[in-house]
S.K.: 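Encoded as structure tokens, here's the structure I'll be asking about.
Heavy-atom basis, side chains included; hydrogens, waters and symmetry copies ignored.
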Amino acid sequence: MKQSLARIALVVDDYDDAIAFYTQKLHFTLIEDTVLNPVKRWVVVSPPGSDGCCLLLAKAANEEQKSRVGNQTGGRVFLFLYTDNFARDYQNLLDQGITIVREPVLETWGRVAVFADLYGNMWDLIEPK
């Protein structure tokens, strides 16, 4: 048996704002942007060079979903972005004006910093040892 995660849904306020943030600031690739109906799209983005799990940007459709935008994990780090060049990608976060929640530290397992996306979801940027 072989299984893998294919998509993680990230609830967003606006498709176009989310696409702009992930593609222009984090340099993700827009994999798909398909209109399903007048208010719903299937929007998938992926980190550069990745062939694994992608983010499905899902626009909040009701008040309950809107209440989760930016806080899908109750204030914990939500997503973990691995990199092969921490210095390059951390500098990009700074250059793009992305909020740094925790400055870089060197752990036994690698270098890590925490940043927030445009909605406040927290991410770890990690370069494993």
S.K.: Can you name the closest pair of heavy atoms from C53 and P47 and give their distance?
M.R.: O-CD, 4.4 Å
S.K.: What I'd like to find out is whether the side chain of K59 reaches to under 4.5 Å of the side chain of V43, using heavy atoms alone.
M.R.: no
S.K.: Is the shortest heavy-atom distance from the side chain of F115 to the side chain of T99 under 4.5 Å?
M.R.: no
S.K.: Is R7 close to V44 at the side-chain level, that is, under 4.5 Å between some pair of heavy atoms?
M.R.: yes
S.K.: So, taking the atom named CG in L118 and the one named CD1 in I98, what distance separates them when rounded to the nearest 0.5 Å?
M.R.: 9.5 Å
S.K.: I'd like to know if the side chain of T29 and the backbone of I31 have a donor-acceptor N/O pair within less than 3.5 Å.
M.R.: no
S.K.: Restricting to non-hydrogen atoms, name the atom on Y15 and the atom on L57 that form the minimum distance, rounded to 0.1 Å.
M.R.: CE2-O, 3.4 Å
S.K.: How many angstroms lie between NZ in K25 and CG in D95, if you round to the nearest 0.5 Å?
M.R.: 10.5 Å
S.K.: Apply salt bridge (Lys or Arg N to Asp or Glu O under 4.0 Å) to the pair E64 and R68, showing each step before the final yes or no.
M.R.: CA-CA 7 Å; E64 183 176 358; R68 303 303 195 275; 3.6 Å; yes
S.K.: Nearest 0.5 Å, please: how far is CG in L55 from CG in L81?
M.R.: 9.5 Å
S.K.: Within the structure provided, determine whether E127 and R88 are in side-chain contact (heavy-atom separation under 4.5 Å).
M.R.: no
S.K.: Would you say L26 and L94 are hydrophobically clustered, going by side-chain heavy atoms of ILVMFWY under 4.5 Å?
M.R.: yes
S.K.: Heavy-atom count around Y119 OH within 6.0 Å, excluding the residue itself: above 12?
M.R.: yes
S.K.: On a heavy-atom basis, which atom in S46 and which in S50 lie closest, and how many Å separate them?
M.R.: OG-CB, 3.6 Å
S.K.: Over all heavy atoms of both residues, which pair between V105 and E107 is shortest? Give the atoms and the distance, please.
M.R.: CG2-OE2, 3.5 Å
S.K.: Compare all side-chain heavy atoms of L93 with those of I100 and state whether any distance is below 4.5 angstrom.
M.R.: yes
S.K.: Kindly compute the distance separating CZ (F80) from CG (D124), expressed to the nearest 0.5 Å.
M.R.: 5.0 Å
S.K.: Mind checking whether V101 and L106 sit in one hydrophobic cluster, side chains of I, L, V, M, F, W, Y counted as touching below 4.5 Å?
M.R.: no
S.K.: Going from OG1 on T83 to CG on N92, what distance comes out if it is rounded to the nearest 0.5 angstrom?
M.R.: 10.0 Å
S.K.: Does D16 offer a backbone N or O that forms a donor-acceptor pair with the side chain of D14 under 3.5 Å?
M.R.: yes
S.K.: Y22 and D117: side-chain donor and acceptor closer than 3.5 Å?
M.R.: yes
S.K.: Without swapping roles, check the side chain of Q72 against the backbone of V11 for a donor-acceptor pair under 3.5 Å.
M.R.: yes
S.K.: Side chains of F78 and I8: closer than 4.5 Å at any heavy-atom pair?
M.R.: yes
S.K.: Decide, yes or no, whether a salt bridge links D33 with R41 under the criterion of side-chain N to carboxylate O below 4.0 Å.
M.R.: yes
S.K.: Can you tell me if T23 uses its side chain to pair, donor with acceptor, with the backbone of I19 under 3.5 Å?
M.R.: yes
S.K.: Cluster question for you: counting only ILVMFWY and a side-chain heavy-atom cut-off of under 4.5 Å, with indirect links fine, are L10 and M122 together?
M.R.: no
S.K.: When you compare the side chains of Y90 and E103, does any donor N or O come within less than 3.5 Å of an acceptor on the partner?
M.R.: yes
S.K.: List the atom of N37, the atom of V35, and the distance in Å for their closest heavy-atom pair.
M.R.: O-CG1, 3.4 Å
S.K.: How about P48 and F28: do any of their side-chain heavy atoms sit closer than 4.5 Å?
M.R.: yes
S.K.: Quick one: CH2 on W109 to NZ on K129, what's the gap to the nearest 0.5 Å?
M.R.: 10.5 Å
S.K.: Do W123 and V114 come within less than 4.5 Å of each other through their side chains, counting heavy atoms only?
M.R.: no
